[in-house]
Amino acid sequence: MAHLGIVGAGLAGAGAAYALRDTDHDATILEKSRGVGGRAATRRRDGCRYDHGANYVKLPDERTGDLIRDLGDDGLVDIAEPVWTFGADGEIAPGDGDDEHKYTWEAGITQFAKRLLAETDAEVRKTTRAESIVRDGGGARDGTADGDTGPGGDRGGAWTVTDADGDDHGPFDALVLTPPAPQTADLLAATEWPDDGGALADLRAAVEATEFRTVRTLALHYPFELDVPWYGLVDVEKTHEIGWLSREECKRGHVPDGEGLLIVQLSPEWSTAHYDDSLEAAAAEAATLAADLVGDDRLADPDWADDQGWRYALPNEGLVGDGGPDAAAGAVAAAREAGLYLAGDWVAGRGRAAAALWNGIDAGESIAERLSGR
Ligand SMILES: Cc1cc2nc3c(=O)[nH]c(=O)nc-3n(C[C@H](O)[C@H](O)[C@H](O)COP(=O)(O)OP(=O)(O)OC[C@H]3O[C@@H](n4cnc5c(N)ncnc54)[C@H](O)[C@@H]3O)c2cc1C
């Protein structure tokens, strides 16, 4: 049996563990938060549930739909109302009518990661922030004299992760890093990998060059429901202060009848400029913007508000790096040879839940294949 370490219990991390579910290998996930799901996140307050990161999962392909149904239809919600559009002038218009399925769960979108992990024997160590990594390059962690031919390459080798409390986790035969690129870059900066032949510096350079944009989400609650035909509004021109606005009451099980809960995601420009504003100030401004956009003055006065700043919300691009795609691919391949994998939406090059998930599954499958030779 071999041991896989995973940093991050978002969809990429859950996907990597899921890929090992029918193998003899075990997986340990280190997650800095108190829950799983990462940016596919749900909160509860006053009888409401709201998805304050990813709003829903679209089905980019058949396999995603099959997987979601395999995880159980109970509590699955397909949001019926459409997404409409607006631009800089705030003029709302119906979308193209080509609305695909938009899935979440009655208990919230965190169900996706929870259900994937429930299919595995993975151990999730919550409130465990990975802080540094060391590669034991000498092989022989399996007790052989000169190492093995496992994922650590012909010299064997294993990865140990130290958390913020100074506790060690591992050694792992393979390690998958799934935090957003800037946080993965921090981890790589705190990685010791002796005799790496320059691979670590190349990998770090590629990861550091992968930019993310910031989104601040405001959840605004009202003691009434809006009478409008849409679920969500998206700024197609990307010029408005609001990038996205939607109604959680369109998701079964999220908001009690007769109440309304708006999710307002502010543009990256607004979010960066107002990232440290108090909840009160940010909510007041978001509510005024929402009232103007929807054309309903009542929205300027929510009865409660909550927020989440996503400093690393969405990747601007995939993993490329200053050296270009070939250099990045070379660095990723060299790290994989040594049992160090990267996964996540930014590795896939698309800030989408399904992209993160399949990227994690691909990493897990690739590791399982390598480990099976042990
Ligand atoms: C506001 C917003 C709206 C979005 N809307 C949609 C949408 O409607 N539909 C859609 O498909 N996608 C949407 N997305 C994108 C989607 O949420 C992401 O693409 C996806 O969830 C990324 O998953 P991941 O596993 O790659 O990363 P993450 O979900 O970020 O998971 C990484 C995990 O690593 C953990 N971590 C970080 N550093 C450490 C450390 N040092 N030690 C331990 N753990 C660590 C984090 O806590 C996190 O749990 C949205 C994202 C945001 C922010």
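What you see is a predicted model; the values in this text were computed from it and never measured.
- The heavy-atom pair separating L20 from A27 by the smallest distance is CD1-CB, 4.4 Å.
- Around the CG atom of D303, the shell of radius 6.0 Å holds more than 12 heavy atoms that belong to other residues, nucleotides or ligands.
- A salt bridge links K251 to D51: at least one charged side-chain nitrogen sits closer than 4.0 Å to a carboxylate oxygen.
- For H221, the ring-ring contact (aromatic ring centres under 6.0 Å, His included) criterion is met by W304, not counting sequence neighbours.
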For this session: Show the numbers, then the answer: is there a side chain to side chain donor-acceptor pair (under 3.5 Å) between Y50 and D306?
Result: CA-CA 10 Å; Y50 42 105; D306 189 13; 2.6 Å; yes

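- At a threshold of 4.0 Å, the pair D345-R39 counts as salt-bridged, since one of the basic side-chain nitrogens sits closer than that to a carboxylate oxygen.
- Checking T64 against W358 by side-chain atom types alone, a donor-acceptor pair falls below 3.5 Å.
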Sequence neighbours excluded and cut-off under 3.5 Å, please list the side-chain donor-acceptor pairs for residues 286-299, or say none.
unit_1 : atom_1 : unit_2 : atom_2 : d
T288   : OG1    : A284   : O      : 2.9
D296   : OD1    : R298   : N      : 3.0
D296   : OD1    : R298   : NE     : 3.1
D296   : OD2    : R298   : NE     : 3.4
D296   : OD2    : R298   : NH2    : 2.8

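- The side-chain contact (heavy atoms from CB on, under 4.5 Å) with W105 is formed by just one residue from the set D74, T42, I68; it is I68.
- Annotation: cation-pi geometry satisfied between R247 and W230 (NZ/CZ under 6.0 angstrom from ring centroid, within 45° of ring axis).
- H169 and D163 form a side-chain donor-acceptor contact under 3.5 Å, judged by distance and modelled atom types alone.
- We find that D307 and R216 are joined by a salt bridge, their nearest charged nitrogen and carboxylate oxygen being less than 4.0 Å apart.
- For E123 and R125, the salt-bridge test passes: some basic side-chain N is under 4.0 Å from an acidic carboxylate O.
- Ionic pairing of E31 and K126 is not present here: no N-O contact between side-chain nitrogen and carboxylate oxygen is shorter than 4.0 angstrom.
- R21 has no carboxylate O lying under 4.0 Å from a charged side-chain N of E119, or vice versa, which leaves the two without a salt bridge.
- Taken to the nearest 0.5 Å, the CG atom of L177 stands 5.0 Å off from the CG atom of L340.
- The environment of CZ in R350 is sparse: at most 12 heavy-atom neighbours from other residues, nucleotides or ligands sit within 6.0 Å.
- Residue pairs satisfying the side chain to side chain donor-acceptor pair (under 3.5 Å) criterion with at least one member in residues 278-287, sequence neighbours excluded, are listed as follows: W270-E285.
- Atom CE of residue M1 and atom CG of residue L371 lie 11.0 Å apart, to the nearest 0.5 angstrom.
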